[in-house]
Amino acid sequence: MIFKKKYKIFIFGMVVLLAACTQKQGVGKKVFCYNETAGIATLDPAFAKNQSIMWAVHQLYNTLVEVDSNLNIVPSLATKWTVSSDRKMYTFYLRNDVFFHDNIAFKNGKGRKMNAHDVAYSFNRIIDKQTASSGAWIFNNRVDSIEPFKAINDTVFQIKLLQPFHPILGILSMQYCSIVPKEVVEKFGKDFRNNPCGTGAFKFFMWQEGQALVLHKNEHYWEKDVDGSTLPKLDAVTISFFDNKATEFLQFRQGKLSFINDIDASFKDEVLSKTGELRNEWKGKLMLNKHAYLNTEYLGILMDENNEVVKNSPLKIKAVRKAINYAINKKQLMMYMRNSIGFAAESGFVPYGLPGNNALQVKGYEYNITQAKTLLKEAGFNNNFPTIKLLTIPVYADVASFIAKQCEEVGLKIQVEVVQKSLLLEQTAKSKALFFRGSWIADYPDAENYLAVFYSKNPAPPNYTRYKNPTYDKLYEQALQENNDSIRYNLYRAMDSLIVDDAPVVPIWYDMVIHLVHNKIKGLHPNALNLLDLRKVNIIE
């Protein structure tokens, strides 16, 4: 009888929430609805390794610091912090008015106050081998091996580094570093993945895996809006799991989803012009939000000449690698293949949107068919270039074919081979892929995250090309020690310029966040990390 009663309550709750999503009158609740085609594997922040998990986790938890719309690191659970003179010790001063969500693991089921011991526990949990967190790498070879995390008292927390590492604050803003309560984690064990408890703007209500996830407003959320009003403004968030983008788009058109992230290739021409604007029939019916996204799409080239795959390949010749860069009309590719969603990568590897402005100040490769042909002749190829294989995944097959066709016009013979993503990742990690399509999405908002991809002491990942340049390594190590932003940005640009010259990669485009949003949704703003932030979102009927 108890089970049946709970089940009826659950069904009634779902009906009410779905009614709100479909904009039926009389419900009176503000419910934001979105879809996750990739599904959500866990709600445990220690495993927040992809966007679908990160989005959900961000609603449930907070971090010590966070990234604002301009990619500046700003306070969150920590009100301020200090850095020691040797830049190895960071001391954080925490808020004293933040409570965890109610949970049966707490005394009387009431959420207790968050403190510095929770921060130390959360971070130690990430590096604990028993946890097997996918985020353990964020602290590897960066924090002290003896006592990296220490709660001085309830409101003061310290993190000790092995050596200065300026991007550490960016790392602490990642969802891996969400603060969790020990009691709840230990009570539920592995089932903490579906019994989450944080300090975030929304609290867990129910999750029927593969069907729907529902979060309710945290009535005791600690953060206020700029005008002093309480947050969040929404009553609930519901997430559906249609795995078909066409179904997702239909749900959006019918008003059952508040917004959709990105536009599938199958219907992008229906919605967007070639210049990336809404077609006339959509204007006034919905909003198109666009923003630079910290993601570089590129072609990678294996550089280790001791590798058998590389020894007899023409790609070991710098002039050939440069010729490929010149051969691709990236602006044309963006217009015809991407409806101008993104920016042609005619700079270095670091994309638009980051402090330092690498993409504006580093000169890369513009389309130059004459220069491409000249470089190939200099390399000893005159209509006798051997066929090289380009590995890509299904979703980028058309783009790869476009690139191959353009390369063919200058005498470069490229055969596109489409493989599953898992195989491509395996091949690149084991240095078995000579020429491959790749993308690098920023983990934290610092160009170092992109430049670490080419540091020779890093394995694959991130150094999939096995690039090795002593001058580059020296600049990278110098940048890690540099605390002056202007000097560090100059070092970043010098490294990016070296990558352009050595050409271990062919940057294709710098990505763009693109959201289609219903007119009644207010306060939903895209950001360079494409992190869904619903704290200040409102629904105006």
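- Nearest heavy atoms, Ala433 versus Thr428: CB-CG2, 4.0 Å.
- Remark: Asp304 engages no residue in a side-chain hydrogen bond (donor to acceptor under 3.5 Å, both in side chains) (not counting sequence neighbours).
- A side-chain donor from one of Gln158 and Thr91 sits under 3.5 Å from a side-chain acceptor of the other.
- Asn312 meets the side-chain hydrogen bond (donor to acceptor under 3.5 Å, both in side chains) test with no other residue; sequence neighbours excluded.
- Applying the ring pair (Phe, Tyr, Trp, His ring centres under 6.0 Å) rule to Tyr34 yields the partners Trp55; only residues at least two apart in sequence or on another chain are considered.
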Pair up each side-chain donor or acceptor in residues 454-461 with any protein partner under 3.5 Å, not counting sequence neighbours, and list the distances.
from: Tyr455; atom 1: OH; to: Glu477; atom 2: OE2; distance (Å): 2.5
from: Ser456; atom 1: OG; to: Asp473; atom 2: OD2; distance (Å): 2.4
from: Lys457; atom 1: NZ; to: Glu477; atom 2: OE2; distance (Å): 3.3
from: Asn458; atom 1: ND2; to: Ala452; atom 2: O; distance (Å): 2.8

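- His515 pairs by the ring pair (Phe, Tyr, Trp, His ring centres under 6.0 Å) definition with Phe259, not counting sequence neighbours.
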Would you list the atom pairs, donor with acceptor, under 3.5 Å between side chains in residues 129-138 and any protein atom, with sequence neighbours excluded?
from: Thr131; atom 1: OG1; to: Arg125; atom 2: O; distance (Å): 2.8
from: Ser133; atom 1: OG; to: Ala46; atom 2: O; distance (Å): 2.4
from: Ser133; atom 1: OG; to: Gly135; atom 2: N; distance (Å): 2.9
from: Ser134; atom 1: OG; to: Tyr176; atom 2: OH; distance (Å): 3.2
from: Trp137; atom 1: NE1; to: Ser134; atom 2: O; distance (Å): 3.4

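- Checked against side-chain hydrogen bond (donor to acceptor under 3.5 Å, both in side chains), Arg466 has no partners two or more places apart in sequence or in another chain.
- Between Lys421 and Glu426 there is no salt bridge, since no side-chain N of the basic residue sits under 4.0 Å from a carboxylate O of the acidic one.
- Not counting sequence neighbours, Tyr444 has no partner by the ring pair (Phe, Tyr, Trp, His ring centres under 6.0 Å) test.
- Taking the charged nitrogens against the carboxylate oxygens, Glu378 and Lys322 have no contact shorter than 4.0 Å, which rules out a salt bridge.
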Run Tyr492 and Asn490 through side-chain hydrogen bond (donor to acceptor under 3.5 Å, both in side chains) and show every step you take. CA-CA 5 Å; Tyr492 286 166; Asn490 283 333; over 6 Å; no
Under 3.5 Å, which donor-acceptor pairs do the side chains of residues 380-407 form with other protein atoms, sequence neighbours left out?
from: Asn384; atom 1: OD1; to: Asn382; atom 2: N; distance (Å): 2.6
from: Lys389; atom 1: NZ; to: Glu417; atom 2: OE1; distance (Å): 3.0
from: Tyr396; atom 1: OH; to: Glu297; atom 2: OE2; distance (Å): 3.2
from: Tyr396; atom 1: OH; to: Arg437; atom 2: NH2; distance (Å): 3.3
from: Ser401; atom 1: OG; to: Ala397; atom 2: O; distance (Å): 3.1
from: Gln406; atom 1: OE1; to: Asn329; atom 2: N; distance (Å): 2.7
from: Gln406; atom 1: NE2; to: Gln332; atom 2: OE1; distance (Å): 3.2

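- The ring pair (Phe, Tyr, Trp, His ring centres under 6.0 Å) contacts involving residues 307-328 comprise Tyr326-Tyr365, where partners must be two or more places apart or lie in separate chains.
- Residues that satisfy the side-chain hydrogen bond (donor to acceptor under 3.5 Å, both in side chains) test with Asn62, not counting sequence neighbours, are Thr199, Tyr221, Trp222.
- Scanning for ring pair (Phe, Tyr, Trp, His ring centres under 6.0 Å) contacts around Tyr293 gives an empty result, with sequence neighbours left out.
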